[in-house]
Amino acid sequence: MKKLGIWAGVAGITLSAVLAATGPGSAEEGKLDGLKKQGFARVAIANEPPFTAVAADGKVSGAAPDVAREIFKRLGVEDIVASISEYGAMIPGLQAGRFDVVTAGLFMKPERCAAVVYSEPVLCDAEAMLVKKGNPKGFKSYEDVAKDDSAKIGAPGGGTEEKLALTAGVPRDRVVVVPDGQSGVKMLQDGRIDAYSLPVLSINDLVKKANDPNLEVVAPVMGAPVYCDGAAFKKGDEALRDAFDVELAKMKESGEFAKIIEPYGFSAAAAISTSRDKLCAAQ
Ligand code: 6CS
């Protein structure tokens, strides 16, 4: 796992502002040529293990960045440099040229598929809820949360779980935006929320680290689909997306894709069994 730069604070903003202005893929050269010259691809991540993770020393890992790093290397782009973003800010940041690609477990949904250019599927997962031991409010679905007027649910801002809760009828003031996993666990432990929702593998990772016997996982959330992400590219970067997909397909075929994602708990078969077209069409 290579040490990768993490932009943070003023330096990061300055650097990303400069790169955004002069980023790769200027008019006369393909985006991929630009990235090769730049020596790295700027990726957006969320720091939500096992999808994406940033260690205290800045090392970036997680299944999505690990797949992206390997594919870009095969394309002649030496490295990836990650910046952490809220899910709801990833697509605007991509469109504004702050990132070259989102590799964060950004699940494919029709509205997102209309806004970006996705690769073929990479990471698939069902949804979960973290609740107090014994599941005192008996939550099995987002609809259950909606029906309980006193219940509050935490979810990432602009994330799929926030959308699922709102769509299930949970009023806006009972859907609490949670900035990161640790905050979500703390808010649940402190009783500020009654459930915290993330994909199953993310919740399981948090539970393991929290080591709190008073927490319980409800998984899968009834009525919620299994989602898959893909690497998300800016509209206009279809050639780069296609080059990414060629390498992704080779790695799926050779077993190297499974070798990267399955130690994180993801199923290669799940991603291989579906497609961007199916996931972007799903209602
Ligand atoms: O794509 C999303 O919106 C969701 N994906 C992940 C990996 N975690 C939470 C987020 O809401």
Side-chain angles (χ1 to χ4, degrees), residues 43-54 60-68 82-94 99 101-130 142 145 153-168 170 175-185 187-188 193 195-207 209 217-221 224-233 260-261 264-267 270-271 274 276 279-280 282:
V43 304
I45 64 171
N47 192 15
E48 181 189 303
F51 288 86
T52 58
V54 182
V60 172
S61 63
D66 283 5
V67 168
S83 49
I84 295 174
S85 167
E86 187 186 70
Y87 288 100
M90 288 177 182
I91 291 178
L94 184 71
F99 323 117
V101 59
V102 176
T103 60
L106 192 74
F107 291 145
M108 288 192 222
K109 298 186 284 184
E111 64 274 20
R112 288 175 173 172
C113 295
V116 301
V117 177
Y118 269 110
S119 73
E120 287 297 336
V122 178
L123 305 175
C124 302
D125 200 0
E127 296 292 355
M129 282 187 206
L130 188 60
Y142 295 107
V145 179
I153 184 168
T160 295
E161 299 73 26
E162 178 188 53
K163 185 82 182 285
L164 287 167
L166 293 168
T167 305
V170 184
V175 182
V176 179
V177 172
V178 176
D180 56 71
Q182 289 70 26
S183 305
V185 172
M187 290 164 80
L188 179 68
I193 53 178
Y196 177 42
S197 189
L198 286 175
V200 173
L201 289 171
S202 308
I203 288 287
N204 288 346
D205 183 82
L206 285 171
V207 163
K209 288 170 183 167
V217 179
V218 175
V221 174
V226 169
Y227 287 102
C228 298
D229 85 328
F233 296 87
I260 293 176
I261 73 167
Y264 284 107
F266 295 97
S267 157
T274 187
R276 170 178 58 241
L279 293 162
C280 287

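The basis for the numbers below is simple: all heavy atoms, side chains too, and nothing from hydrogens, waters or symmetry mates. Remember, it's 1-based here, ligands and their atoms both numbered in the order they're listed.
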| field | Polar proximity ligand 1 side, P156 side, N/O cut 3.5 Å exclusive | value | no
| Considering only heavy atoms from C-beta outward, does the side chain of V102 approach that of V116 to under 4.5 Å? | no
| note | min-distance protein heavy atom vs atom 11 (O) of ligand 1 -> E161 OE1, 2.5 Å
| query | Quick check: does F51 get an N/O under 3.5 Å from an N/O on ligand 1? | reply | no
| What's the shortest distance from atom 2 (C) of ligand 1 to any protein heavy atom, and which residue and atom give it? | T160 OG1, 3.1 Å
| note | atom 7 (C) of ligand 1 sits nearest the protein heavy atom G105 O, 3.3 Å
| Does S202 reach ligand 1 with a nitrogen or oxygen that is under 3.5 Å from one of the ligand's nitrogen or oxygen atoms? | no
| Which segment of E162 sits under 4.0 Å of ligand 1 when only heavy atoms are counted | neither
| task | Answer side chain, backbone, both or neither: which part of P199 comes under 4.0 Å from ligand 1, heavy atoms only. | result | side chain
| Starting from atom 8 (N) of ligand 1, which protein heavy atom do you reach first, and at what distance in Å? | E48 OE2, 2.9 Å
| Would you say R112 touches ligand 1, if touching means a heavy atom closer than 4.0 Å? | yes
| Should D229 and R112 count as side-chain neighbours, where that means a heavy-atom distance under 4.5 Å? | no
| said: Students often mix this up, so state it plainly: with edges at 30° and 60°, are the rings of Y227 and F107 parallel, tilted or perpendicular? | reply: parallel
| field | Worked verdict on E48 versus Y87 for side chain to side chain donor-acceptor pair (under 3.5 Å) | value | CA-CA 11 Å; E48 181 189 303; Y87 288 100; 2.9 Å; yes
